[in-house]
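Below, all heavy atoms of this structure are taken into account, side chains as well, without hydrogens, waters or symmetry copies.
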Amino acid sequence: MALTMFSRIVRSNNPVSAPVDDELVMADVDAGKYYGLNSIATTIWQSLETPVTVEELCSKLCESFDVSKDQCSKETLAFLTELESRKLISVEG
């Protein structure tokens with residue numbers, strides 16, 4: 001399913017994560033994969049603890065980081081699409 005700004009997403013319970021310095025390290029034990037998330041990706045991941053629309057997520061990111069709405073939307077959708085392809089998030093609509 002193609003993600004849009006109105007898609008409601010939530011993170012999967014599969015990956016285990018832990019903070020390391022100013023980043024988050026995440027392990028998908030089932031897939032045998034490890035990921036290092038920078039501060040923006042960490043904020044996104046933490047925001048997905050409860051279901052949220054991409055639009056709501058981008059609004060939060062624009063308030064917290066120096067990024068334009070257009071750039072935020074484009075990069076967030078790309079990152080979320082990657083997370084979805086790895087089955088690390090669920091899309092509810």
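- For the atom pair CG of Leu61 and CD1 of Ile44, the computed distance is 5.0 Å after rounding to the nearest 0.5 Å.
- Of all heavy-atom pairs between Val91 and Ser7, the closest is CG1-CB, 4.1 Å.
- The cluster map of Ile, Leu, Val, Met, Phe, Trp and Tyr, joined by side-chain heavy atoms under 4.5 Å apart, puts Leu88 and Val16 in different clusters.
- Between Leu77 atom CG and Cys72 atom SG the span is 9.0 Å, to the nearest 0.5 Å.
- Nearest heavy atoms, Val54 versus Thr4: CG2-O, 3.3 Å.
- Looking at Thr76, its side chain never comes within 3.5 Å of a backbone N or O of Cys58 through a donor-acceptor pair.
- Around the CZ atom of Phe65, the shell of radius 6.0 Å holds more than 12 heavy atoms that belong to other residues, nucleotides or ligands.
- Across every non-hydrogen atom of Met26 and Leu37, the tightest pair is CE-CD1, 4.1 Å.
- Here the closest heavy-atom approach between residue Leu3 and residue Glu84 is recorded as CG-OE1, 3.9 Å.
- Without hydrogens or angle criteria, Asn38 side chain to Ile40 main chain gives a donor-acceptor distance under 3.5 Å.
- Rounding to the nearest 0.5 angstrom, the gap separating the CG atom in Asp70 from the CD atom in Glu75 is 11.0 Å.
- Among Thr43, Leu80, Val10, the one residue that satisfies the side-chain contact (heavy atoms from CB on, under 4.5 Å) test with Leu48 is Leu80.
- The residues Glu56 and Lys60 are annotated as not salt-bridged, no charged nitrogen and carboxylate oxygen being separated by less than 4.0 angstrom.
- The backbone N or O of Trp45 lies less than 3.5 Å from a partner atom in the side chain of Arg11, making a donor-acceptor pair.
- Clustering ILVMFWY residues whenever any of their side-chain heavy atoms sit less than 4.5 angstrom apart, transitively, puts Leu83 in the very cluster that holds Met5.
- Under the 4.5 Å side-chain contact rule for hydrophobic residues, Tyr35 and Leu24 share a cluster.
- To the nearest 0.5 angstrom, Ser39 atom OG is 12.5 Å from Asp21 atom CG.
- Using a 4.5 Å heavy-atom threshold, the side chains of Ile9 and Ser90 count as separate.
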